[in-house]
Amino acid sequence: MSARYKSISWNRSKVVYDTVLAFAILAFILGYLKLAPSLPGFASAVELPIQRIRAFGSCAFLMLSVLLCIGPAARLDRRFLPLLYNRRHFGVMTCVVAAAHASFVLDWYFAFSRLDPYVGLLVANTSYSQWLGFPFEIFGIAAFAILLVLAVTSHDFWLKFFTPPVWKALHMSVYAAYALVVVHVAFGALQDPKMSVLAMSFFLVPPAIVVVLHIVAASHHSPSSETVKASAVTSESWLPVGSVHDIRDGRAKVVVLDDDSEVAIFRHSGKFSAVTNACAHQNGPLGEGRIVDGCVTCPWHGFQYRPDDGCAPPPFTEKIATYRLKREGELLFLDPRANPPGTYVKPVEL
Amino acid sequence: MRNSDDNDGFFVGYINSLPGSAQWFVPLTAVLMVLGFASFGILAAVVQSDPGSGQFLWDAGEVNVSGVLEEHPYPLIHAEPSARFPQGRTLMLSGDGKRGVQKRVASLSGQRVDVSGFLLKRGTIDMLQVTATPKPNSTVMPQQTVNAPLPRSLGRWRLTGELCDGKCYAGAMRPGQGLAHKACANLCLIGGVPPVFVSTAPVEGHQFMMVADQNGMALSAEWLHRVAVLIEVEGAIEERGDLLIFKMDAASLKDL
């Protein structure tokens, strides 16, 4: 959390995260350009500039694939949450590697001509009316443009500027970028008739893993959620949301309402409070968080809110919506009408 | 409704410590990620297909060639027998980078010239990257008759193969073929570099041949759409020196 804008609010976790990622990128590039050629039997006579193009392009493709696996992996296994914490840096570094790929392409395939490389990139191949020979570069350009916009707007300044829902929607376009990258590869590298099955699998398996992980993660989420139907509404519009014993101390239960909005009911020091399940930072799932130091703590980036009024502790200023709760015997009831963010609601005592 | 369970770790980045269950898991994941990236890098490199043997003959240095120059369909020179080419040789000519030499040879067609440059070689195909404007050979006596070898017709052929730019395919860029190289090849052809047809089956021992339109002239821009894709096309083939010229008939063109 940060009360003011800094270029990057570094902490040990971020430094370790970025260092590991930098080593991974270095390992890929060195493996491709240095280790592989030194292996016995390696006889590829591919020009070094083209090897650079391929190395950085493949690395960016792999990074984007891994990046998109982090979200569903963290949903399936909470131990992956530390990988999600600094995912934005992962995205920015992916964009940098993709930029290196694009730069090497311009400096080789589109250099040495009378045309400016940027002009050549757009006019050299205009076979838009055919499948084979389609200018696949255009997909790469579009994907890179999206990655660039996402990298530039990844800072919290833009998150605040756009508001979390808009920012989140904008950054979901990373999936469009990935789809474009897959098409870029499918119309380009995968069209090499000499490509081996092993080489093809390098480009086909990662997207398959991304798709399968998302499907599994989505189905993992659904069975454990229970939509409270309107028919279940009792007098005074209170919804029964289960027993007080359903919720362990410091944890939450998530209630999905008819309009698909979600409410997280936290138990904290023997009391119960209800807040929206969407973090004000990036719409993170607060109900999958914990009570840390008396505050609801988001599992994604650790943003905190007081459970009784939804306000971040000073000097922070974020606020989230609260909900009214009542207890009848051992049953909890929720008023599904959200209070304005930051509204104090007296916690229900056990 | 769902309960968050506590059989897993809860991580808060700024607290700078890993929860119990993640204390071995996260470092292990980090190590596996670095090793995995290295492995993928090596794997992606070793599975690259071999682009063939074309290359610049840099070791030969800048070579001087004398012979008769032809301008159409693309500039070429019939090199006279020499220490480098004891039987003589027909070389395609290109300029520096993705440039042809059409303007530099326009007034020299049919003349005996001296030309210098760097050689590229791939199988039966040879190209000279010209470093200076070819000059008429001053040792030729005015009454001496100098002619290009007479073209020899090899009849009409229907061939399957790929249109490439003769320079990259000859070795300036390996691999100089395939769809990933299409835009680069187009730029070369736009610049005037001679195109070649890489046939799936050799014609009289030649797998590569210079191409022309059915009238024996340079290809029109329409042919750029057919570059780097597998095509089937019919046309007359003639031998000029030891280079084959494939005069492609656009009406017979078929995408495969």
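Heavy atoms only: backbone and side chains are in, while hydrogens, waters and symmetry mates are out. The chains referred to below are lettered A, B, ... by the order of the sequence lines, with proteins before strands, and numbering in each begins at 1.
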Handout entry: For Asn125(A) against Asn186(B), the heavy-atom pair lying closest together
Key = CA-ND2, 3.8 Å
Exercise for the section: Under 4.5 Å heavy-atom distance to chain B, tell me which part of Trp108(A) shows up: side chain, backbone, both or neither. Expected result: both
Practice task
Check each atom of Phe202(A) against the heavy atoms of chain B and say whether the ones under 4.5 Å are side chain, backbone, both or neither.
Solution key: side chain
Handout entry: Closest heavy-atom pair and its distance - Ser127(A), Lys182(B)
Key = OG-CE, 3.6 Å
Handout entry: Phe110(A) side chain near Leu187(B) side chain, heavy-atom distance below 4.5 Å
Key = yes
Handout entry: Residue pair His225(B) / Thr126(A), side-chain heavy-atom distance below 4.5 Å
Key = yes
Problem - Whether over 12 other heavy atoms sit under 6.0 Å from Trp131(A) CH2 - result: no
Problem - Contacting moiety of Gln55(B), where chain A heavy atoms sit under 4.5 Å - result: neither
Fill in the blank from the handout: Here the pair of heavy atoms bringing Glu47(A) nearest to Ala172(B) is OE2-O, 3.5 Å
Practice task
Could you check if a side-chain atom of Lys167(B) sits within less than 4.5 angstrom of a side-chain atom of Phe112(A), using non-hydrogen atoms only?
Solution key: no
Completion exercise
Okay, Ala264(A) and chain B: the region with an atom under 4.5 Å from a heavy atom over there is neither
Handout entry: Over 12 non-hydrogen atoms of neighbours within 6.0 angstrom of CZ in Phe40(B)
Key = no
Handout entry: Val263(A) versus chain B, the contacting section by heavy-atom distance below 4.5 Å
Key = neither
Problem - Stepwise side chain to side chain donor-acceptor pair (under 3.5 Å) test for Arg79(A) and Gln23(B) - result: CA-CA 9 Å; Arg79(A) 291 175 300 178; Gln23(B) 279 189 344; over 6 Å; no
Problem - Phe80(A) side chain reached by Phe25(B) side chain, heavy atoms, under 4.5 Å - result: yes
Fill in the blank from the handout: Ranking Met33(B), Arg99(B), Met173(B) by heavy-atom pairs under 4.5 Å to chain A gives rank one to Met173(B)
Exercise for the section: Identify which part of Leu39(A) has an atom lying under 4.5 Å from any heavy atom of chain B, answering side chain, backbone, both or neither. Expected result: side chain
Fill in the blank from the handout: Looking only at Thr29(B), Leu230(B), Val34(B), the option with the highest number of non-hydrogen pairs under 4.5 Å against chain A is Val34(B)
Exercise for the section: Would you mind checking which part of Leu256(B) comes under 4.5 Å of any heavy atom in chain A, side chain (CB onward), backbone (N, CA, C, O), both or neither? Expected result: backbone
Problem - Winner by heavy-atom pair count (cut-off under 4.5 Å) against chain A, out of Gly97(B), Ala228(B), Gly36(B), Pro175(B) - result: Pro175(B)
Problem - Between Arg174(B) and Gln51(A): side-chain donor-acceptor atoms closer than 3.5 Å - result: no
Fill in the blank from the handout: chain A shares the most heavy-atom pairs under 4.5 Å, among Cys168(B), Gly178(B), Ala30(B), Gly171(B), with Ala30(B)
Handout entry: Residue part contacting chain B, namely of Leu115(A), when any heavy atom lies under 4.5 Å
Key = side chain
Handout entry: Atom of Gly302(A), atom of Val12(B) and distance for their closest heavy-atom approach
Key = CA-CG1, 4.0 Å
Practice task
Before giving the answer on side chain to side chain contact (heavy atoms under 4.5 Å, CB included), spell out for Asp255(B) and Leu132(A) the whole-Å C-alpha distance, their side-chain angles and the decisive distance to 0.1 Å.
Solution key: CA-CA 9 Å; Asp255(B) 286 321; Leu132(A) 277 178; over 6 Å; no
Handout entry: Val26(B) portion near chain A, given a 4.5 angstrom heavy-atom threshold
Key = side chain
Exercise for the section: With a 4.5 angstrom heavy-atom cut-off, could you sort out which part of Leu84(A) is near chain B: side chain, backbone, both or neither? Expected result: neither
Handout entry: Part of Leu43(B) within contact of chain A (heavy atom distance under 4.5 Å)
Key = side chain
Practice task
Check whether any side-chain heavy atom of Gln48(B) sits under 4.5 Å from a side-chain heavy atom of Lys194(A), and report yes or no.
Solution key: no
Handout entry: Residue among Phe136(A), Phe203(A), Phe23(A) with most heavy-atom pairs under 4.5 Å to chain B
Key = Phe136(A)
Completion exercise
All heavy atoms of Ala36(A) vs all of Val46(B), minimum pair found to be CB-CG1, 4.0 Å
Handout entry: Heavy-atom side-chain proximity of Tyr32(A) to Ile42(B) below 4.5 angstrom
Key = no
Practice task
Report the option among Val292(A), Ile25(A), Val20(A) that has the most heavy-atom pairs separated by less than 4.5 Å from atoms of chain B.
Solution key: Val20(A)
Handout entry: Segment of Arg114(A) engaging chain B (4.5 angstrom heavy-atom cut-off)
Key = both
